[in-house]
Amino acid sequence: MLKKFFNKPKYVTVSPISPAAKQQEAQGDSEKIWAKCIECGDIIYNKELEKNLKVCPKCNYHFRMNAKDRVLYFTDEGSFQSFNDQIVGGNPLEFPGYEEKLKREQEKTGLKEAILTGTANICGNPCIFVVIDPNFFMGSMGMVVGEKLVLAIEQAVARKLPLIVFSASGGARMQEGILSLMQMAKTSAALNKLSEEGLLFISVCTDPTTGGVTASFASLGDIIIAEPKALIGFAGPRVIEQTIRQKLPTGFQRAEFLLEHGLLDMVVHRNELKSTLAKLLALHS
């Protein structure tokens, strides 16, 4: 009886080529001369793409951006001072091959985990600056990501500084199971303390912001901003469509759709994002 239960057919299937894989293939890396826009198919000189903050000059498609570039583009030069870099993860559930995968991600990105935290200035306005890197395990939230975010929130409370978090995540990290899911409650509780102190939290949702990250801290900002056409939701649209067997509305779970339905405060082009953050910080200082 149990054997029949566990061998029953699967009803949810997804394409073997994920949007993340297509994005990585199209974007390439900084050593390549050309990049291909996956939105319009235009071939872009990589240096021009970098100069335009990794936004396609033809169709305004926003390429995904790693954490170090976010720090470079959106904080004042030399102002970012990272903290808690020494915190690294292990394999608490003894998931097969997890240590090897972590090591590969660390070598690939130059990061110890999928998050950078520190103090920074944005056009002279001090803040606690947090960035999740989509290239490290798809920005998934494990114990270290949750812990470093909570410590950053505590720094914001201690220093009486506003908090800015750039989210880019596939959700909770499956290799850490329930310990990963616990970070949703942990980060949300820490943000409640920030709110009690009357401190500002700006949540910036980038492509993609999904799963447990959306269901926790990314949706708790006093001001929630998104980049154009960013995918924001819990389950992905392909999974939803194949589960409910219905076609979703055009633009479902994209930033503009969510803004229209009141789930975001603004959608801001990347070229205007730094100045927008600076104005918000100045208004709430």
Side-chain angles (χ1 to χ4, degrees), residues 19-39 44-57 59-83 85 105-123 125 127-141 145 148-149 152 163-170 202-209 213 218 225-232 255 267-278 281:
K22 291 180 180 178
Q23 163 78 16
Q24 189 174 17
E25 181 183 355
Q27 182 172 344
D29 54 53
S30 59
E31 295 179 356
K32 293 184 178 179
I33 299 176
W34 304 97
K36 182 179 179 180
C37 177
I38 64 172
E39 185 78 13
I44 313 161
Y45 186 42
N46 218 11
K47 287 187 178 180
E48 288 298 319
L49 187 63
E50 295 283 344
K51 187 178 179 180
N52 202 36
L53 306 189
K54 296 190 176 181
V55 176
C56 176
C59 70
N60 273 328
Y61 173 75
H62 285 49
F63 284 77
R64 291 176 185 172
M65 186 179 285
N66 64 43
K68 292 180 179 178
D69 282 345
R70 293 275 180 196
V71 171
L72 176 66
Y73 290 137
F74 300 117
T75 66
D76 296 349
E77 185 177 358
S79 70
F80 182 76
Q81 299 294 322
S82 62
F83 48 64
D85 291 336
E105 295 296 306
Q106 290 166 351
E107 292 172 350
K108 180 182 74 174
T109 63
L111 301 174
K112 292 182 179 178
E113 252 296 344
I115 187 171
L116 280 181
T117 61
T119 57
N121 291 336
I122 300 178
C123 296
N125 299 284
C127 65
I128 299 296
F129 196 81
V130 177
V131 192
I132 296 178
D133 195 315
N135 297 320
F136 193 110
F137 263 120
M138 200 51 241
S140 56
M141 180 170 63
V145 170
K148 289 190 69 173
L149 177 56
L163 172 71
I164 296 177
V165 179
F166 279 79
S167 297
S169 177
I202 301 176
S203 176
V204 184
C205 299
T206 71
D207 185 63
T209 300
V213 167
I225 302 172
E227 290 187 331
K229 296 185 179 179
L231 175 65
I232 305 167
V267 176
V268 180
H269 192 284
R270 190 174 289 164
N271 289 331
E272 300 173 357
L273 189 49
K274 183 176 180 178
S275 61
T276 299
L277 291 173
L281 291 175

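FYI, the numbering just counts along the sequence from 1. Both backbone and side-chain heavy atoms feed into the values below; hydrogens, waters and symmetry mates do not.
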Problem - By side-chain contact (heavy atoms from CB on, under 4.5 Å) - contacts of Ser169 (at least two apart) - result: Val213
Exercise for the section: For Glu48, enumerate each residue passing the salt bridge (Lys or Arg N to Asp or Glu O under 4.0 Å) test, keeping only those at least two apart in sequence or located in another chain. Expected result: none
Exercise for the section: Check whether any side-chain heavy atom of Ile44 sits under 4.5 Å from a side-chain heavy atom of Asn52, and report yes or no. Expected result: no
Exercise for the section: Could you check Glu50, Lys68, Lys54 and say which one makes a side-chain hydrogen bond (donor to acceptor under 3.5 Å, both in side chains) with Tyr73? Expected result: Glu50
Exercise for the section: Apply side-chain contact (heavy atoms from CB on, under 4.5 Å) to the pair Thr206 and Arg64, showing each step before the final yes or no. Expected result: CA-CA 8 Å; Thr206 71; Arg64 291 176 185 172; over 6 Å; no
Handout entry: For Ser82, all residues meeting side-chain contact (heavy atoms from CB on, under 4.5 Å), sequence neighbours excluded
Key = Phe80, Asp85
Fill in the blank from the handout: Here the gap from Thr209 atom OG1 to Leu231 atom CG, rounded to the nearest 0.5 Å, amounts to 8.0 Å
Handout entry: Heavy-atom side-chain contact between Ile164 and Leu281 under 4.5 Å
Key = yes
Exercise for the section: Kindly determine whether Leu273 and Ile225 satisfy side-chain contact (heavy atoms from CB on, under 4.5 Å), including the steps that lead there. Expected result: CA-CA 9 Å; Leu273 189 49; Ile225 302 172; 4.1 Å; yes
Exercise for the section: Could you tell me how the ring of His62 sits relative to the ring of His269: parallel (under 30°), tilted (30 to 60°) or perpendicular (over 60°)? Expected result: perpendicular
Practice task
Mind checking salt bridge (Lys or Arg N to Asp or Glu O under 4.0 Å) for Glu227 and listing every partner two or more places apart, or none if nothing turns up?
Solution key: Arg70, Arg270
Practice task
Just jot down the side-chain contact (heavy atoms from CB on, under 4.5 Å) partners of Ala226, sequence neighbours excluded, or say none.
Solution key: Cys205, Ile232, Ala255, Leu264
Exercise for the section: Report yes if some heavy atom in the side chain of Tyr61 is under 4.5 Å from a heavy atom in the side chain of Pro228; otherwise report no. Expected result: no
Practice task
Mark yes when over 12 heavy atoms from residues, nucleotides or ligands other than Glu107 sit less than 6.0 Å from its CD; otherwise mark no.
Solution key: yes
Practice task
Take Phe136 and Gln106 through the side-chain contact (heavy atoms from CB on, under 4.5 Å) test and state the conclusion after the steps.
Solution key: CA-CA 8 Å; Phe136 193 110; Gln106 290 166 351; 3.8 Å; yes
Exercise for the section: Using side-chain contact (heavy atoms from CB on, under 4.5 Å) as the criterion, list what pairs up with Cys123, not counting sequence neighbours. Expected result: Asn125, Lys274, Ala278
Problem - Phe74 and Phe129 aromatic centres sub-6.0 Å - result: no
Exercise for the section: State the CG-CD1 distance between Asp76 and Ile122, to the nearest 0.5 angstrom. Expected result: 7.5 Å
Handout entry: Side chains of Phe137 and Val145 in contact at under 4.5 Å (non-hydrogen atoms)
Key = no
